Amino acid sequence: MMSKRNIVVVGTQWGDEGKGKIVDLLTDRVAAVIRFQGGHNAGHTLVIDGQKTVLHLIPSGILREDVECFIGNGVVLAPDALEREVTQLEATGLNVQTRLKISEACPLILDYHVALDVAREVARGNKAIGTTGRGIGPAYEDKVARRGLRAGDFKNMSSFKLKLQETLAYHNYMLEHYYKAEPISFDLLWKKCERYSQMILPMLADIPNLIASYNREGKSLMFEGAQGTLLDIDQGTYPYVTSSNTTAGGAASGAGIGPTELDYILGITKAYATRVGGGPFPTELLYDCDTDKGDPIGKELGTRGHEFGATTGRQRRCGWFDAVALRRSAQINGLTGMCLTKLDVMDELKEIKICISYEQNGETLLLPPSSADEYETCVPNYVTMPGWQTSTVGADSWDTLPQAAKDYIRFLEKEVGVPVSILSTGPDRSETLVIKDPFE
Ligand code: GDP
Ligand code: IMO
Ligand code: MG
């Protein structure tokens, strides 16, 4: 039998590390790509021969016609977002619905989740999380509270209707009386659900069994994470996090595969750091693009890196590489290798700083604290290295990289304790250097 490889791709920072690009690149060797957590809060950008596609919910294998795409039970599924994405992709001539399979256990995101997400953010005022406003948190809450509707509920529309009535009555009470917001109309939502059921029913499948069958046939699979490790509900900068387990363990529980079957954990890591939304970010180089005021290097990274959210269009906060955060990420994901992305964005910098520890109340921390409050008093300690001031765009061999760029990469590897196995120096699928193939 051929030897299969199950590869997990996770973001190691605060999201937008370039996961979509790398999943797309590596899927030429797999039978299927499985999303295992998050929802359409994700924005994964794929650029192929200059043509850009942004995916939110559909796995990043969809542009390869012979690859199947699975949405695992860990994903919160917004049927309206799915409908939009399927329509957009099919308009380009792709077969999507025949290749997309959805777990019956996916919790649904419905209109009241979005209304609650928005109302809660307003209520938090200046302590807002800065969510994507997609209803992600409220949908996960319903799942854990065991009152949520799931994709499999579309199989029995009369019981779906009853469950929807009950759940909506509960949430409308909160919306109207606690948040003083508009309630959601049952009739309108029910009509939409009837339509969604037509689209979703043919795509429902037993995802754990499909995964197991492919593996038995010796076929490799790719597990695509969304968001990033520091946004993990348990291990991230709580409460400024998303509502799922973004870490490698989430692949097992959110797809339905035993952890012993996962062969390689690839941590997608930006060569600097970004974060969108609120929450601690010790290495931030504060810059505001609306007023054009703030740190010039923060501005340069954001401008050269086009650091605007692929989902909400919000400006991403930029900063220096944070090895403290990455050490935690390596630890809790069990990273096998890193893929370092967007090195080219740093091409013109004279000097580069790397945060190697935090100073907190007279103590030096090599690992980050566990909650946002404790971050308040953390001050980064930096090491400064010379920049390379040469273009690395599309670099196709390790040997021809500028020495200062190689030194930077080696330093990061040493600080994090994980080797860089892939280097990305441009948005296009082709602008990638595989140093050590995760499939070998
Ligand atoms: P994801 O959410 O992790 O998939 O990442 P996003 O797609 O949200 O954000 C990454 C952005 O950087 C996208 O616009 C990509 O096209 C782009 N990108 C990815 N890798 C590289 C790279 O190596 N260099 C440059 N300049 N851009 C990159
Ligand atoms: P990808 O997969 C970056 C952030 C939001 C907010 C927090 C909670 O493209 O890397 P949520 O809507 O999930 O409740 O918001 O998480 N966030 C992301 N940041 N990339 C993402 O996805 C994100 N998905 C959510 O900005 O701070
Ligand atoms: Mg993104």
Side-chain angles (χ1 to χ4, degrees), residues 35 38-44 53-59 62 68-119 132-143 147-172 174-176 181-207 210 226 311-312:
R35 274 281 307 268
H40 65 307
N41 48 351
H44 295 179
T53 306
V54 182
L55 299 167
H56 300 286
L57 194 49
I58 295 182
I62 201 70
E68 292 199 297
C69 289
F70 301 161
I71 297 184
N73 57 276
V75 173
V76 278
L77 183 84
D80 55 344
L82 182 70
E83 197 175 53
R84 264 196 313 277
E85 206 162 317
V86 167
T87 309
Q88 276 166 11
L89 288 168
E90 291 195 336
T92 68
L94 277 175
N95 284 320
V96 178
Q97 289 177 80
T98 49
R99 292 194 288 131
L100 187 62
K101 305 274 184 286
I102 298 169
S103 164
E104 291 187 16
C106 286
L108 297 178
I109 303 184
L110 296 169
D111 294 352
Y112 45 89
H113 295 122
V114 179
L116 283 165
D117 193 356
V118 173
T132 59
R134 300 294 192 266
I136 305 293
Y140 277 117
E141 287 168 36
D142 268 5
K143 160 181 161 167
R147 64 169 164 251
L149 282 143
R150 311 206 295 179
D153 287 321
F154 282 127
K155 291 198 297 188
N156 181 342
M157 287 307 276
S158 53
S159 84
F160 189 107
K161 195 171 189 177
L162 291 175
K163 286 184 195 168
L164 185 64
Q165 269 160 344
E166 241 173 64
T167 309
L168 185 61
Y170 173 79
H171 288 308
N172 271 345
M174 288 300 284
L175 280 169
E176 277 190 275
E182 284 296 307
I184 299 294
S185 149
F186 175 80
D187 292 339
L188 288 181
L189 182 55
W190 170 244
K191 269 206 184 66
K192 287 200 254 181
C193 288
E194 284 184 305
R195 191 180 78 230
Y196 299 149
S197 74
Q198 301 299 311
M199 170 188 60
I200 288 175
L201 277 174
M203 293 191 268
L204 293 180
D206 182 340
I207 303 294
L210 283 173
T311 293
T312 57

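Because the structure is predicted, anything quoted here is derived from the model rather than measured. Only this structure's heavy atoms are used, side chains among them; waters, hydrogens and symmetry mates stay out.
The backbone N or O of Arg134 sits less than 3.5 Å from a side-chain atom of Asp117, completing a donor-acceptor pair. Thr167 places no side-chain N or O within donor-acceptor distance of the main-chain N or O of Leu164, the cut-off being under 3.5 Å. A donor-acceptor contact shorter than 3.5 Å is absent between the side chain of Asn73 and the backbone of Ser103. A donor-acceptor contact shorter than 3.5 Å is absent between the side chain of Asn95 and the backbone of Thr98. The backbone N or O of Gly38 lies less than 3.5 Å from a partner atom in the side chain of Tyr140, making a donor-acceptor pair.
Here Leu57 contributes atom CG and Leu100 contributes atom CG; the two are 8.0 Å apart, rounded to the nearest 0.5 Å. In this structure, Lys191 NZ and Glu194 CD are separated by 8.0 Å, a value rounded to the nearest 0.5 Å. Interatomic distance, OG of Ser185 versus CG of Leu168, reported as 8.0 Å (0.5 Å rounding). Put simply, CD on Gln88 and NE2 on His56 are 7.5 Å apart, with the number rounded to the nearest 0.5 Å. Rounding to the nearest 0.5 Å gives a distance of 14.5 Å between NE2 of His44 and CD1 of Ile62. Here the OG1 atom belonging to Thr53 is positioned 6.5 Å from the CG atom belonging to Leu55, to the nearest 0.5 angstrom.
The aromatic rings of Phe154 and Phe160 lie parallel to each other, their planes meeting at an angle below 30°, with 60° marking the opposite boundary.
A 4.5 Å side-chain heavy-atom check between Leu175 and Glu182 finds every atom pair outside the cut-off. Here the side chains of Met203 and Arg99 are not in contact, with every heavy-atom distance at 4.5 Å or above. Side-chain contact between Met199 and Gln97 is present, with at least one heavy-atom pair separated by less than 4.5 Å.
Sorted by first then second residue, the salt bridge (Lys or Arg N to Asp or Glu O under 4.0 Å) pairs that include residues 152-163, not counting sequence neighbours, are Glu104-Lys155, Asp153-Lys163. Applying the salt bridge (Lys or Arg N to Asp or Glu O under 4.0 Å) test to pairs two or more places apart or on separate chains, those with a residue in residues 77-94 are Glu83-Arg195.
Under 3.5 Å, the side chains of His40 and Thr311 contain no donor-acceptor pair of N or O atoms.
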Using distance only, find each side-chain donor-acceptor pair of residues 105-116 under 3.5 Å and give its atom names and separation, not counting sequence neighbours.
residue : atom : partner : partner atom : Å
Asp111  : OD2  : Lys192  : NZ           : 2.7
His113  : ND1  : Leu110  : N            : 2.9
His113  : NE2  : Asp142  : OD2          : 2.9

